[in-house]
Amino acid sequence: QVQLVESGGGLVQVGGSLRLSCAASGLTFSRYAMGWFRQAPGKEREFVAAISLTGGSTYDADSVKGRFTISRDNAKNTVYLQMNSLKPEDTAVYYCAAKRVIVARSPREYDYWGQGTQVTVSS
């Protein structure tokens, strides 16, 4: 019954912004670290950003540093990914994932996954 539901994807122009949301249910949200991953056609799923239980620690991939910001609102059981200065190479399906207690960068360490939301950045 655990569900992670992403939303907010779409088509944007180069340099534009988008905010993804992931609403969690069926788990005690504040006991899970959360992560965002993405997968482009023909490529492996890659780490984008992660956040600790209370939001005190965040991590992001080199490719998105300075452009993307992960945050969470435990009262709303929601994690966000604010994406600014979007580039064509950001085009991918974006997934949120939940991991018990300790944050990690590897997708193999996450327990639950959402279905993904498509982000397309036009050149």
Side-chain angles (χ1 to χ4, degrees):
Q1 195 231 323
V2 172
Q3 288 190 311
L4 305 177
V5 181
E6 301 96 334
S7 61
L11 175 64
V12 297
Q13 297 291 313
V14 170
S17 297
L18 211 56
R19 189 175 81 155
L20 306 183
S21 299
C22 175
S25 61
L27 77 172
T28 303
F29 185 71
S30 63
R31 295 185 180 181
Y32 286 80
M34 300 295 297
W36 285 98
F37 299 80
R38 66 188 183 187
Q39 188 164 23
K43 295 186 177 181
E44 296 291 326
R45 188 167 300 186
E46 66 173 337
F47 170 77
V48 176
I51 189 165
S52 60
L53 305 191
T54 62
S57 298
T58 61
Y59 309 87
D60 50 45
D62 289 343
S63 60
V64 306
K65 285 185 185 300
R67 301 188 299 118
F68 290 10
T69 303
I70 188 171
S71 61
R72 68 190 294 162
D73 186 338
N74 285 356
K76 296 181 178 179
N77 288 2
T78 302
V79 62
Y80 305 94
L81 185 68
Q82 178 66 48
M83 305 186 294
N84 298 324
S85 301
L86 283 161
K87 305 174 180 179
E89 53 262 43
D90 295 319
T91 295
V93 176
Y94 284 72
Y95 300 88
C96 69
K99 178 186 182 297
R100 295 182 179 90
V101 184
I102 306 299
V103 295
R105 297 175 186 266
S106 172
R108 293 187 294 273
E109 299 194 52
Y110 283 74
D111 299 298
Y112 304 107
W113 291 84
Q115 80 287 348
T117 186
Q118 177 70 48
V119 171
T120 302
V121 185
S122 63
S123 59

**Q.** Inter-residue atom distance Y112.OH - R100.CZ, 0.5 Å rounding
**A.** 4.5 Å
Q: Check whether any side-chain heavy atom of V103 sits under 4.5 Å from a side-chain heavy atom of I51, and report yes or no.
A: no
Q | SB check D60 R67 (cutoff 4.0 Å) | A | no
Q. Any idea how F37 and F47 line up, ring-wise: parallel (<30°), tilted (30 to 60°), or perpendicular (>60°)?
A. perpendicular
Q. Between M83 and W36, does a side chain to side chain contact (heavy atoms under 4.5 Å, CB included) hold up when you go through it step by step?
A. CA-CA 12 Å; M83 305 186 294; W36 285 98; over 6 Å; no
Q.
As an exercise, state the distance from OG of S30 to CG of D73, rounded to the nearest 0.5 Å.
A. 11.5 Å
Q: Decide if atom CD of E89 counts as having more than 12 heavy atoms of other residues, nucleotides or ligands within a radius under 6.0 Å.
A: yes
Q) Heavy atoms, side chains only, cut-off 4.5 Å: are R38 and S63 in contact? A) yes
Q | K65 NZ: over 12 foreign heavy atoms closer than 6.0 Å | A | yes
(Q) Quick check for you: to the nearest 0.5 Å, what is the distance between S123 atom OG and Q13 atom CD? (A) 8.5 Å
**Q.** Residue pair C96 / E6: nearest heavy atoms and the distance that separates them
**A.** N-OE2, 2.9 Å
(Q) Distance to the ring centre below 6.0 angstrom and angle to the axis at most 45 degrees; does that hold for R105 and Y59? (A) no
(Q) Taking atom CD as the centre, does Q115 end up with more than 12 heavy-atom neighbours from other residues, nucleotides or ligands that are less than 6.0 angstrom away? (A) yes
Q) Quick one: OH on Y94 to CG on L18, what's the gap to the nearest 0.5 Å? A) 9.0 Å
